[in-house]
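Okay, structure first, notes after.
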Amino acid sequence: MSKPKVGFFDFASCEGCQIELTNFGDVAFLELINHIDIVEFREAMSEKAGKLDIAFIEGSFTRESDRKRLEEIRKRSAIVIAYGACAATGGINALKNHQHDYHECVYGKDAKAPHLASNIALPISAAIKVDYSVYGCPMSRDEFIRIVSHLLHDKQPIIPNHPVCMECKLNETICRFHDGDHCLGVVARAGCGAPCPKDGIPCEACRGFVSTPNVDSLVKTLINKGGMHSSRAWNKSRMFTNNQRGDVK
Amino acid sequence: MLDYNSYENNIFYPMEAKILNVKQVTELERHFSLKLANDKQMTFSPGQIMEVSLFGYGEIPIGFASSPTRKNSFDIVVRSVGRVSKAINKLQKGDSLYVRGPLGHGFDLKAFKNQNVMIVAGGIGLCPTRSMIQYILDKRSDFKKFTLLYGSKNPNQRMFVDDLEVWAKSSDVDFHETVDQGIPGWKGNVGLITTLFKNLEVESNTKVIICGPPVMFKFVIFELQKLKIKNEDIYLDLERRMKCGVGKCGHCQINDHYACIHGPVFSLDTIKHLEEAI
Amino acid sequence: MSSYFITRANFEKFIVKLIQAKKKIYAPVSKKQSFIFDELTSFDDLRLDYDVTILPPKKYIFPPRQGLLTFDKQGHNSLIAPEDKILLGVHFYDLKAIDMLDNLFAANNSDANYLANRAATTIIGANIQKISKRAFWGSVGKDVRPHGYDGFIIKLDGGEGYVYECYTDKGSALLKSGDFSNASPAQIAASMDINERVLKQCPEKLNHSSKEIATKVRSTFKEKQLWEELADDCFSCGSCNTVCPTCYCFDVQDNWNVDQVSGRRERTWDACMTEDFAKISLGGGHEENFRESKAQRFRHRIMRKSTYLNETLGGPACVGCGRCSSACTADIADPAKAINRIMEL
């Protein structure tokens, strides 16, 4: 098996998932590097390669001008993987999708500067065909390694499609709702191992929704058990799932 | 402590099997002839299944596609649909794969003895039933009239074309075949498998085996009822999402039945009340 | 069965001695306002006054993630390597559940990956001192008595000490670690009374016999509206399955190690309430899900707990621990509520 050529690309994002990769530093990632040939990686190198076996794309698609670059990556890559919440679902960037005044609020008199012009934030899949997604903000390293390992063997990766709740139960974590708190774990895609509730922090669904989230039941639960008023309960899941909600723009 | 590195003591410990021969059957299906690496005989009944695995990829349940009367090897047909099957279908002659079995209940051979038998197979449903077909042909005098109906989507999807040719000419089996859609050059019947029932001569005391895609069952059963064949004489070979193959993991459960241990062969009488079965 | 008595002071010495011995002890300990089974390292951590634990003790016999095999270029090896251990302080509803799992894993094709762990485990029950808010063990499968455990501890009222019931050689083997005397008839009578009394104190109860329930629930299979209504708020999260002491469905997956050559085949707890549980791939990107709706999945779970396995187990596959009821965020999983509602139809 010749080493697959791999490239990393970034769009609208904090580049945190790339940093997460270069920060791996542990045995797992160093070992993985023996099996892949990283030929493009802006955070770590400047060269540009031609054909790629796997393109990893980070960040959301939020400027029409990015479409061309994405299409160019798609054209020369056998497999495209959107990694991290921004690329997979639009992530936290999509918070702006239902706002109008954030430019003025954030940039004041410079709000109209041309480089600030952007559309709503969308997942990479809104511009090009994405083969697989690595969810999470940041993405999960273990899942990343597992997905790459599967692809090295031409095996379709398995991505969980059940809510985070199950992972909390496996951790014997006390439910946030039992602690008088709220949580989005009931509709959030598992696979992270539920570290946030374990630390007493509600799940914000950074891995996005499961494929069929029961949103009505979520709102009802946030009101009845989480003590939220109805508009907050309705808006609560926007942080990471704006593009997956029923009121998507 | 018991030696758990043996299938006898550990049902999850697979045995190595060598690939004696591979044939590409259709675009998606490959036909493997296997032999256990320890040279032991695989003893099974027609209709039983095996868990077939490739390490790293996982396991899938597959029915035996050859008769236990043919002792040199045992056959399976693998359709490239998922992670495991795609990986298995890249293997070549001389490679190894790993098996656990035989598992589940096959056809009740005692009940079929000295009876009229009809097998209705659709698509890849011919693979698990081929075991029974070969068995009947090898022990022909043990059975009365033997009728075989086979339907495939189109002529390119026909399985075991060499066998089909032999069966068509044989006086041991009343063989009828159809395809849902013809292609230029196809001279045989065109139409759904139920159209084969039109001029069929079948006694009402015939034991019938059905195996095929889920939609086929209902329509074939309807035709059989017109022929006054009793539910207890109708056997279904049900393919389900079996995982462990040994009645534990729960994936193949149809109400209170596990396809992998109570089946995969069920009499219609046993499962007709099971709403999730067909 | 023989009954022994140990004073309160000697009981502490007994537990300390067990902790110091080589075998690991797993027992109820506190976790914030809840309880879990965990390795016991000090007598002070032992909370025999627990109401219920988040996960049932089955996790030590049928672990949530259990390696079945390792594989590499040379071949494959079983990962069965049971650890000798004591499971201490198991309530009777969990003893019942373990007994059911023992039967299910031994039946048809006996599963050495479970049975080897089970054989290496000494199980010591304990009476229920505190009752959880959602318990209904007093009224479910009343004729089903647990078997297969090795000993049982009953704390006598007034705190004078404990009665220890010995059922097997494994149970008797512990006697040498403590200062036990033969229990007096009065102590035995008192301990039996304690176990009898607690049965009547559950906050929830089933109003019908297991047989009546099995028949009636089964007959509602086609009541689409009923099941849709019961499952309306379901998140399909699988929490009810995950905390259930009698659920034993699992998934099997292979993964490679980082060297990309060797790897592991392991089984993990699975949950029939999740959307993908009954999904099969048909090829060409097509899939079939034979329990596609949450109502079908909810029905499957209730049926499985109240009718499907009854013949095999001699009673319902629910022990009334109430774990699912409290684990369910939408608060719809409670079998007692669902079944009582169905019985009133």
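Numbered from 1 within each chain, the chains take letters A, B, ... in sequence-line order.
Contact tally against chain C (heavy-atom pairs below 4.5 Å) for B/Ser53, B/Gly245, B/Ser96: the top residue is B/Ser53. Contact tally against chain B (heavy-atom pairs below 4.5 Å) for C/Asn310, C/Asn255, C/Asp111, C/Thr307: the top residue is C/Asp111. For the options C/Leu115, C/Asn113, C/Thr312, C/Val261, heavy-atom pairs under 4.5 Å to chain B are most numerous at C/Asn113. Counting heavy-atom pairs closer than 4.5 Å to chain B, the top-ranked of the candidates C/Ser78, C/Ala112, C/Gly75 is C/Ser78. The greatest number of non-hydrogen atom pairs below 4.5 Å with chain B, out of C/Leu69, C/Leu68, C/Asn108, is found for C/Leu69.
Separation of the B/Tyr98 and B/Phe55 ring centroids falls under the 6.0 Å cut-off. Aromatic ring centres of C/Phe105 and C/Tyr248 lie closer together than 6.0 Å.
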Requested in this report: Take B/Ile62 and B/Ile49, measure what side-chain contact (heavy atoms from CB on, under 4.5 Å) needs, and give me the verdict at the end.
Outcome: CA-CA 5 Å; B/Ile62 302 179; B/Ile49 58 152; over 6 Å; no
Query raised in the report: Yes or no on side-chain contact (heavy atoms from CB on, under 4.5 Å) for B/Tyr150 and B/Thr178, after CA distance, side-chain angles and deciding distance?
Result: CA-CA 6 Å; B/Tyr150 177 51; B/Thr178 183; over 6 Å; no
Report task. Please step through side-chain contact (heavy atoms from CB on, under 4.5 Å) for the pair C/Leu230 and C/Ile302, ending with a clear verdict. Result -> CA-CA 11 Å; C/Leu230 287 171; C/Ile302 294 291; over 6 Å; no
Report task. Apply the test ring pair (Phe, Tyr, Trp, His ring centres under 6.0 Å) to residues B/Phe160 and B/His31: give CA-CA distance (whole Å), side-chain angles for both, the deciding distance (0.1 Å), then the verdict. Result -> CA-CA 9 Å; B/Phe160 309 110; B/His31 175 180; 5.2 Å; yes
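Looking at B/Pro14, both its backbone and its side chain come within 4.5 Å of chain C, counting heavy atoms on both sides. With a 4.5 angstrom heavy-atom cutoff, C/Ser110 touches chain B only via backbone atoms. For C/Asn77, the parts sitting under 4.5 Å from any heavy atom of chain B are the backbone and the side chain alike. When heavy atoms are compared at a cutoff of 4.5 Å, C/Glu311 does not approach chain B at all. Heavy atoms closer than 4.5 Å to chain B are found nowhere in C/Tyr114, neither backbone nor side chain. Both the backbone and the side chain of C/Phe250 have a heavy atom closer than 4.5 Å to some heavy atom of chain B. Contact annotation for C/Leu104: only backbone heavy atoms (N, CA, C, O) come within less than 4.5 Å of a heavy atom of chain B. Only the side chain of C/Arg267 comes within contact range of chain B, with at least one heavy atom under 4.5 Å from a heavy atom of that chain. Interface residue B/Leu54: only backbone heavy atoms are found under 4.5 Å from chain C.
C/Lys58 forms a cation-pi arrangement with C/Trp269, by the criterion of a distance under 6.0 Å to the ring centre and an angle within 45° of the ring axis.
A side-chain N or O of B/Ser267 and one of B/Thr270 form a donor-acceptor pair less than 3.5 Å apart. For B/Gln253 and C/His300, the side-chain atoms include at least one donor-acceptor pair closer than 3.5 Å. Counting only N and O atoms by type, the side chains of C/Lys85 and C/Thr122 include no donor and acceptor under 3.5 Å apart. Between the side chains of B/His251 and C/Asp270, a donor-acceptor pair is found at a separation under 3.5 Å.
If you take CD1 on B/Ile210 and CG on B/Leu238, they are separated by 9.5 Å, rounding to the nearest 0.5 Å.
Residues of residues 5-13 of chain B lying within less than 4.5 angstrom of chain C, judged on heavy atoms, are B/Asn5, B/Asn9, B/Asn10, B/Ile11, B/Phe12, B/Tyr13 in numerical order.
At distances below 3.5 Å, at least one donor-acceptor pair connects side-chain atoms of C/Arg297 with backbone N or O atoms of C/Arg291.
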